[in-house]
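This structure is a prediction, so every number in the text was calculated from the model and none was measured.
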Amino acid sequence: MKAFVKTFTAAALIALSSFAMATERPVSKPEKVSINLSTADFALQHYVGVTTAGGSVGLEQLFAQDFSQKIQASNMLTYGRRAVIESLKKQKGEIMNCKTNIKIVEKSADYMIAKVVLKFDSFSMTDLVTLVYENGIWQVSKSIHSYQ
């Protein structure tokens, strides 16, 4: 468990420093920023950074073309890739006031399922994230949210 915490902390620091370096220099519109999605852990950390820390770098690269997000609330809501990316771009720089807990549920050579729990003061959100390895990079292909 201690090794996992150390590994997770190191990956989080790498992801945060990548965000800091990416925001230090202005990027012109035609230039595309490439993020490191060579491992499932990097992709997952980037996803968590995007969703909780207001990151917006590499959104097009992070989400698979067939990405879908389901939100289980009083009624089931489903969003596609474009809607989620547009929403995340609008949230650029907004940091959520929550504690994050990540658990790898299953992992193989070409897919990973992770359970990401965001604990807020009065509720928690569980995000079941599926990542796939295609064309040399890891991408998020599905996200299912539920609230408690």
Is the backbone of [Y] close enough, under 3.5 Å, to the side chain of [X] for a donor and an acceptor to pair up by distance?
X	Y	answer
Ser87	Ala83	no
His46	Val57	yes
Gln139	Gln61	yes
Arg81	Ala64	yes

Could you give the distance from [atom1] ([X]) to [atom2] ([Y]), rounded to the nearest 0.5 Å?
X	Y	atom1	atom2	answer
Thr39	Gln45	OG1	CD	9.0 Å
Lys89	Glu86	NZ	CD	7.5 Å
Phe63	Leu88	CZ	CG	5.0 Å
Ser141	Glu134	OG	CD	8.0 Å
Glu94	Thr52	CD	OG1	12.0 Å
Thr130	Ile113	OG1	CD1	5.0 Å

Handout entry: Short side-chain donor-acceptor distance under 3.5 Å, Asp110 and Ser108
Key = yes
Side-chain heavy-atom pair [X], [Y] within 4.5 angstrom cut-off:
X	Y	answer
Leu62	Leu37	yes
Ser143	Phe67	yes
Met76	Lys70	yes
Val129	Val140	yes
Cys98	Lys119	no
Ile85	Glu60	yes
Thr126	His145	no

What is the minimum heavy-atom distance between [X] and [Y], and which atoms define it?
X	Y	value
Val117	Ser124	CG1-CB, 4.5 Å
Gln72	Ser146	OE1-CB, 3.8 Å
Ala114	Ile104	CB-CD1, 4.2 Å
Leu131	Ala43	CD2-CB, 3.6 Å

Exercise for the section: Specify whether Phe123 and Phe120 have parallel, tilted or perpendicular ring planes, treating 30° as the upper limit for parallel and 60° as the lower limit for perpendicular. Expected result: parallel
Exercise for the section: Would you please classify the geometry between the Tyr133 ring and the Trp138 ring as parallel, tilted or perpendicular, with 30° and 60° separating the classes? Expected result: tilted
Exercise for the section: For the pair Lys107 and Asp41, find out whether any cationic side-chain nitrogen is under 4.0 Å from an anionic carboxylate oxygen. Expected result: yes
Handout entry: Charged N-O contact under 4.0 Å between Glu106 and Lys115
Key = no
Handout entry: Qualifying residue for side chain to side chain contact (heavy atoms under 4.5 Å, CB included) with Asp127, from Leu118, Val48, Ile144, Val116
Key = Val116
Is there a chain of hydrophobic side chains (I, L, V, M, F, W, Y, each step under 4.5 Å between heavy atoms) that links [X] to [Y]?
X	Y	answer
Val132	Tyr47	no
Tyr147	Tyr79	yes
Leu44	Val105	no

Exercise for the section: Please indicate whether Asn75 has more than 12 foreign heavy atoms, meaning atoms of other residues, nucleotides or ligands, lying under 6.0 Å from its CG. Expected result: yes
